[in-house]
Peer 1: 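I am attaching a structure below and will ask some questions about it afterwards.
Hydrogens, waters and symmetry mates are skipped; everything else that's a heavy atom, side chains included, is used.
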Amino acid sequence: MTDELPELRASDADRERVAEILQDALAEGRLDMEEFEERLDATYKARTYGELTPITRDLPVSPSVNLVKGPEQDGSWAARITGGEGSSTWGVAIMSGFERKGRWTVPRRFNSFAFWGGGEIDLREANFADGEVVINCVAIMGGLNVIVPPGVEVQVRGIGIMGGFDQREEGVPGDPGAPRVIVTGFAFWGGVGVERKVTRAERQRLREERRQAKLDKKASRRELHESFQEDIQDAHRRLMDGHRDLMRDRRDRRED
């Protein structure tokens, strides 16, 4: 099994987690700037776990990259509230951008900061470390966007000064057992958006369902039309048969 691990494909979330470990190591003085830049470049070029794992092997914090594929989740909210720690706890965009998306674990508190930049925090395919998580957003002349899946309750508690927090999803009831997402923080000449979207796979499934429904409706109309045509033809045949019988009776009476 070990020989197969290097062939497992790494995700964007895996690379972001390793990048966070490198940033912590830089801040603690374990890496100098040249080493940090070399390893960060290797991180974003890595395509497999086998390429990603050695980048942090000599650091005291082990990477949160799981090299063992566990059983597939059933997609229920209970299965997605996993407990434990988050796989990523913060995101920073200073004249740049960041994103958290795909299969990652949202911690109990995720801190994000944008200054002349932007960040996207996508929770649609994420797991949750707890039934209630806080997304803390600080946007200064920048923007942050939080995307939640249908069924999740959202509470918005941020403060905006010449900026704002999107309140449109506030108060929408959540599904039973679904997590609650609290969006808080501060926006100055910036904005924090909160929107509800289905995943791309779910959107494709719904599109396919609509397409199939249209095909079924079209087929039903065609069957109804064909049945109506058959009824008309049958009625016409009965009318003609009755007319021939009437003419035959008249002819027989004249002959008599």
Side-chain angles (χ1 to χ4, degrees), residues 8-21 23 43-44 49 52 63-93 97-114 118-139 143-158 165-166 168-170 172-185 192-206:
L8 294 176
R9 302 289 290 185
S11 67
D12 289 339
D14 295 329
R15 284 182 280 272
E16 290 293 343
R17 290 195 289 270
V18 172
E20 287 183 16
I21 293 169
Q23 289 166 349
T43 297
Y44 287 113
Y49 287 155
L52 203 56
S64 56
V65 177
N66 182 14
L67 298 183
V68 179
K69 293 294 183 182
E72 292 294 326
Q73 295 182 343
D74 59 13
S76 67
W77 289 121
R80 293 178 63 176
I81 300 176
T82 59
E85 301 297 327
S87 58
S88 178
T89 58
W90 57 272
V92 175
F98 77 87
E99 61 180 16
R100 297 291 182 273
K101 65 178 182 179
R103 283 289 183 182
W104 65 294
T105 300
V106 185
R108 290 174 177 81
R109 183 180 180 88
F110 181 88
N111 293 307
S112 58
F113 176 75
E120 182 173 272
I121 306 161
D122 191 337
L123 311 183
R124 289 177 292 176
E125 298 180 16
N127 293 324
F128 297 83
D130 195 69
E132 181 175 287
V133 299
V134 175
I135 308 294
N136 184 52
C137 300
V138 177
L144 294 164
N145 194 40
V146 181
I147 303 175
V148 300
V152 168
E153 179 187 351
V154 178
Q155 295 182 4
V156 181
R157 302 176 182 172
F165 278 72
D166 192 342
R168 288 176 297 176
E169 298 300 334
E170 175 83 82
V172 178
D175 292 342
R180 177 186 295 114
V181 175
I182 299 174
V183 180
T184 186
V192 177
V194 181
E195 57 183 327
R196 195 179 302 272
K197 290 182 178 180
V198 298
T199 63
R200 184 176 301 175
E202 180 66 10
R203 189 165 60 247
Q204 180 62 32
R205 186 187 67 80
L206 293 173

Peer 1: Quick check on side chain to side chain contact (heavy atoms under 4.5 Å, CB included): which of Val148, Val172, Leu123 does Val154 satisfy it with?
Peer 2: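 With Val154 as partner, side chain to side chain contact (heavy atoms under 4.5 Å, CB included) holds for just one option, Val148.
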
Peer 1: Is the closest side-chain heavy-atom distance between Gln155 and Val181 below 4.5 Å?
Peer 2: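 Result no, sub-4.5 Å side-chain heavy-atom pair not found.
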
Peer 1: For Phe128, give me all partners under ring pair (Phe, Tyr, Trp, His ring centres under 6.0 Å), at least two apart in sequence or on another chain.
Peer 2: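 Result, ring pair (Phe, Tyr, Trp, His ring centres under 6.0 Å) vs Phe128: none returned.
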
Peer 1: Are any of the side-chain heavy atoms of Val133 and Pro107 separated by less than 4.5 Å?
Peer 2: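 No; the side chains remain at least 4.5 Å from each other.
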
Peer 1: Looking at OG of Ser112 and CD1 of Ile135, how far apart are the two atoms once the value is rounded to the nearest 0.5 Å?
Peer 2: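 Going from the OG atom of Ser112 to the CD1 atom of Ile135 covers 7.5 Å.
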
Peer 1: Calculate, to the nearest 0.5 Å, the distance between atoms CZ and CD belonging to Arg80 and Glu125 respectively.
Peer 2: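 Reported to 0.5 Å precision, the distance equals 8.0 Å.
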
Peer 1: Looking at every heavy atom in both Gly151 and Ala178, which two are closest together, and how far apart are they?
Peer 2: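 Heavy atoms of Gly151 and Ala178 come nearest at O-CB, 3.1 Å.
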
Peer 1: How would you list, by chain and number, every residue that makes a salt bridge (charged side-chain N to carboxylate O under 4.0 Å, His left out) with Glu85, sequence neighbours excluded?
Peer 2: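 Once residues adjacent in sequence are excluded, Glu85 has no partner under the salt bridge (charged side-chain N to carboxylate O under 4.0 Å, His left out) criterion.
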
Peer 1: Specify the closest pair of heavy atoms between Ala129 and Gly84, including all atoms of both residues, with the distance to one decimal.
Peer 2: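 The pair with the smallest heavy-atom distance is CB-O, 3.6 Å.
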
Peer 1: Taking all non-hydrogen atoms of both residues, which atom of Val183 and which atom of Cys137 are closest, and how far apart?
Peer 2: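 Looks like CG1-SG, 4.3 Å.
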
Peer 1: Could you pull out all residues at least two apart from Asn136 that satisfy side-chain contact (heavy atoms from CB on, under 4.5 Å)?
Peer 2: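 So Asn136 forms a side-chain contact (heavy atoms from CB on, under 4.5 Å) with Arg109, Asn111, Val138, Thr184.
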
Peer 1: Looking only at non-hydrogen atoms, find the nearest pair between Gly131 and Ile81 and report the distance.
Peer 2: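 Of all heavy-atom pairs spanning Gly131 and Ile81, the closest is N-CG2, 3.8 Å.
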
Peer 1: Can you tell me how far the CZ atom of Arg100 sits from the CH2 atom of Trp90, to the nearest 0.5 Å?
Peer 2: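 Result: 7.5 Å between the selected atoms.
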
Peer 1: Could you pull out all residues at least two apart from Glu195 that satisfy salt bridge (charged side-chain N to carboxylate O under 4.0 Å, His left out)?
Peer 2: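 In terms of salt bridge (charged side-chain N to carboxylate O under 4.0 Å, His left out), with neighbours along the sequence ignored, Glu195 is linked to Lys197.
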
Peer 1: Report the C-alpha distance between Phe165 and Val194 in whole Å, list the side-chain angles of each, state the deciding distance to 0.1 Å, and finish with yes or no for side-chain contact (heavy atoms from CB on, under 4.5 Å).
Peer 2: CA-CA 8 Å; Phe165 278 72; Val194 181; 5.9 Å; no

Peer 1: In Å, rounded to the nearest 0.5 Å, how long is the span from OG1 of Thr82 to CG of Asn127?
Peer 2: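 The OG1 atom of Thr82 sits 5.0 Å away from the CG atom of Asn127.
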
Peer 1: My understanding is that only residues two or more places apart in sequence, or in another chain, count here; which of them pass salt bridge (charged side-chain N to carboxylate O under 4.0 Å, His left out) with Glu120?
Peer 2: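 Testing Glu120 for salt bridge (charged side-chain N to carboxylate O under 4.0 Å, His left out), a comparison that skips the adjacent residues, returns none.
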
Peer 1: Could you report the tightest heavy-atom contact between Gly177 and Trp77, atom names first, then the distance?
Peer 2: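 Taking every non-hydrogen atom into account, O-CB, 3.4 Å.
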
Peer 1: Who pairs with Arg108 by salt bridge (charged side-chain N to carboxylate O under 4.0 Å, His left out), at least two apart in sequence or on another chain?
Peer 2: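 Residues passing salt bridge (charged side-chain N to carboxylate O under 4.0 Å, His left out) with Arg108: Asp130.
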
Peer 1: What distance do Ile147 atom CD1 and Glu99 atom CD have between them, rounded to the nearest 0.5 Å?
Peer 2: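 Reported value, rounded in 0.5 Å steps: 9.5 Å.
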
Peer 1: With sequence neighbours left out, write down each residue that passes side-chain contact (heavy atoms from CB on, under 4.5 Å) with Thr43, or none if nothing qualifies.
Peer 2: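 Checked Thr43 against side-chain contact (heavy atoms from CB on, under 4.5 Å); matches are Arg15, Val18, Leu22, Leu52, Ile55.
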
Peer 1: If you compare all heavy atoms of Ala114 against all heavy atoms of Gly143, which two are closest, and at what distance to 0.1 Å?
Peer 2: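 The answer is CB-O, 3.9 Å.
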
Peer 1: Please evaluate residues Ile182 and Glu132 with respect to the criterion side-chain contact (heavy atoms from CB on, under 4.5 Å), reporting the C-alpha separation (whole Å), side-chain torsions for both, the decisive distance (0.1 Å), and the verdict.
Peer 2: CA-CA 7 Å; Ile182 299 174; Glu132 181 175 287; 3.5 Å; yes

Peer 1: Do Asn145 and Ile121 have side-chain heavy atoms sitting under 4.5 Å apart?
Peer 2: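 Heavy-atom side-chain distance check fails, nothing below 4.5 Å.
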
Peer 1: Would a 4.5 Å heavy-atom cut-off, applied to side chains only, mark Leu144 and Phe113 as touching?
Peer 2: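 Sidechains of Phe113 and Leu144: no contact.
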
Peer 1: Between Trp104 and Phe110, how do the two ring planes meet: parallel, tilted or perpendicular, split at 30° and 60°?
Peer 2: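 Perpendicular, since the angle between the ring planes exceeds 60°.
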
Peer 1: Evaluate Glu169 against Val152 for side-chain contact (heavy atoms from CB on, under 4.5 Å), listing each step before the verdict.
Peer 2: CA-CA 10 Å; Glu169 298 300 334; Val152 168; over 6 Å; no

Peer 1: If a pair satisfies salt bridge (charged side-chain N to carboxylate O under 4.0 Å, His left out) and one of its residues is in residues 143-157, list it, with sequence neighbours excluded.
Peer 2: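 Found Glu153-Arg180.
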
